[in-house]
There are 2 protein chains.
Amino acid sequence: MSTHNFVRCSNCAVSKFCLPHTLSGEDIGQLEGIVQQKRVLHPGEALYQSGDQFEGLYAISSGSFKSVVIASNGDSQITQFAFPGEILGFDAYHGKSHNTFAEALETSSVCFLPHSQLETLAQKVPALQNQLYNLFSAEIQENNEFLLMMGKRSAEDRLAALLMNVSSRYSQRGYSATHFRLSMSRTDIANYLGLTIETVSRLIRRFQKEALIEVNQRDITITDLVGLSELAGTHCSHVEQPSNAG
Amino acid sequence: MSTHNFVRCSNCAVSKFCLPHTLSGEDIGQLEGIVQQKRVLHPGEALYQSGDQFEGLYAISSGSFKSVVIASNGDSQITQFAFPGEILGFDAYHGKSHNTFAEALETSSVCFLPHSQLETLAQKVPALQNQLYNLFSAEIQENNEFLLMMGKRSAEDRLAALLMNVSSRYSQRGYSATHFRLSMSRTDIANYLGLTIETVSRLIRRFQKEALIEVNQRDITITDLVGLSELAGTHCSHVEQPSNAG
DNA sequence: CGAAGAATTGATTGTTGTCAACACACGTGG
DNA sequence: CCACGTGTGTTGACAACAATCAATTCTTCG
């Protein structure tokens, strides 16, 4: 129920992670013409439900979300955590209905991109069309990487990878790579990683004992970024590589 | 090196599972203008490699493939098995390079859709554009379902789900839902399901003992489709539901 | 202050992985 | 036609990682 009538992507702090990323100033202007005002969601509120007809894409402008797929037996699986600048809703693009629901992890705000207007504009602006394709492919690639992790890595590796992933995304957005507050609960982390909450709790403790991280509730301080990234098995760009004695 | 100069989607046995699915006769005619002749691949041959620049999409006209993502430490994870009518290459659409490679499991043939021509045509033919979006979304949705399986289901459930999935896809294509020959090795199955080959072997034996399936090498006969689908936890459309005493 | 939810910790079980030996199918060459 | 070798799959014994069950502690919030 907030009431910004004009969204200004060009002023937005997260535009470089968002749809406008590859667009020219002029194209961004056109995009601003169709972006609807920010909507604020409170923790636990859903952006859309599983089964909802697709209406358009949501660009996260602040806060964070989880995407969750539900099995017929009631089991649920978090498929992604989403941060400012990232887009939600690709699972149902065009005629489909969502097979996930998206829920705010904290007080968050989103910009809405109505499907029909976005489609019309994408046909006129090739850079926007390309950017949409890029985001589609990126989502598929990330999913592939995540599958690799779920299929081949131990519980310890998976948790390390999640922490590094979150660290990397905070870092990209100008926040500290080594100190941040998790917006997701232990339960969410366990669900996302395909583990139990007890296992996650024990792993966090182990990481503390091994002096990889310090933990106070949801506050995380990474004290050994290199050690953690080695566990994670990913060479994250924001970590100084040992071989590179800067 | 086969030499069909004109591909006739309208005559193709698998067109109803492929790109032309939602297109009118006239639109299919336009599509036929850009589809390149079939290419034949032998078992183990790759359609594209991980890291290759995107050139276009491949529509499987016969045979089957696996898509594989590789970790920096050499681990690999099969992310999908693909059958006739299905499209490979979406992970790199537009500017990206592939993060998977696609390899033929048996002697197979594909039609090639060059990126630039496909894009030009999609801009002129809205139904084609929409179909592309549908395939993108479908791939993301399938990935979400697969993630749910990997995160929440036991080894037994996963193997049952794979068998039901293969059964369902054969059935859709007019083959028997209960008797088929797997084109993938035990090793491939184990990798895909995030298990070891030994576990897969033992589970297959258990399914035989429980009279769910009969197995002779890669020949599978499903003797209890309902029982298997209950294990799989999916209500497959080609299974007579117990409640429906038709 | 008390209640409910979230997280931690401990004890134990069990599913799946690991290591190792063996069986079987398939191809080649004698 | 059979011996042989290789790759693929099977089976067994055992170990380990993570799940389950259960009890506590910590947090949050009315």
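Just so it is clear: chains get the letters A, B, ... in the order the sequence lines come, proteins before strands, and each one is counted from 1.
When distances run from any side-chain atom of I197(A) to the nucleotides dA7(C), dA11(C), dG9(D), the shortest one goes to dA7(C). Distances were taken from every side-chain heavy atom of R202(B) (C-beta onward) to each of dA13(D), dT10(D), dA7(C); the shortest belongs to dA13(D). Proximity note for S154(B) (side chain, C-beta onward) versus dT11(D), dG17(C), dT16(C): the nearest is dT16(C). If you check dT8(C), dG12(D), dA19(D) against the side chain of T196(A), the one that comes closest is dA19(D). Residue L195(A) has its side chain nearest to dA19(D) when only dA19(D), dT9(C), dT18(C) are considered. Distances from the side chain of R218(A) to the nucleotides dA7(C), dT9(C), dG17(C) place dA7(C) closest. The nucleotide whose nearest atom lies closest to any side-chain atom of R205(B) is, among dG9(D), dT11(D), dC21(D), dT11(D).
Checked by atom type and distance alone, the side chain of S108(B) pairs as donor or acceptor with a backbone atom of E106(B) at under 3.5 Å. No donor-acceptor pair closer than 3.5 Å links the side chain of E214(A) to the backbone N or O of T223(A).
Summary of the strand contacts: Q217(B) and T199(A) both lie near DNA chain D, and taking for each the nucleotide with the nearest heavy atom, the more 5' one is attributed to Q217(B). Nearer the 5' end of DNA chain D, as judged by each residue's closest nucleotide, is the contact made by A155(A), out of N216(A) and A155(A).
Aromatic ring orientation, F81(B) versus Y192(B): tilted (interplanar angle from 30° to 60°).
The existence of a salt bridge linking R173(B) and E86(B) is confirmed by a sub-4.0 Å separation between a basic side-chain nitrogen and an acidic carboxylate oxygen.
Put simply, CD1 on I189(B) is 8 Å from P on dG9(D), counting in whole angstrom units.
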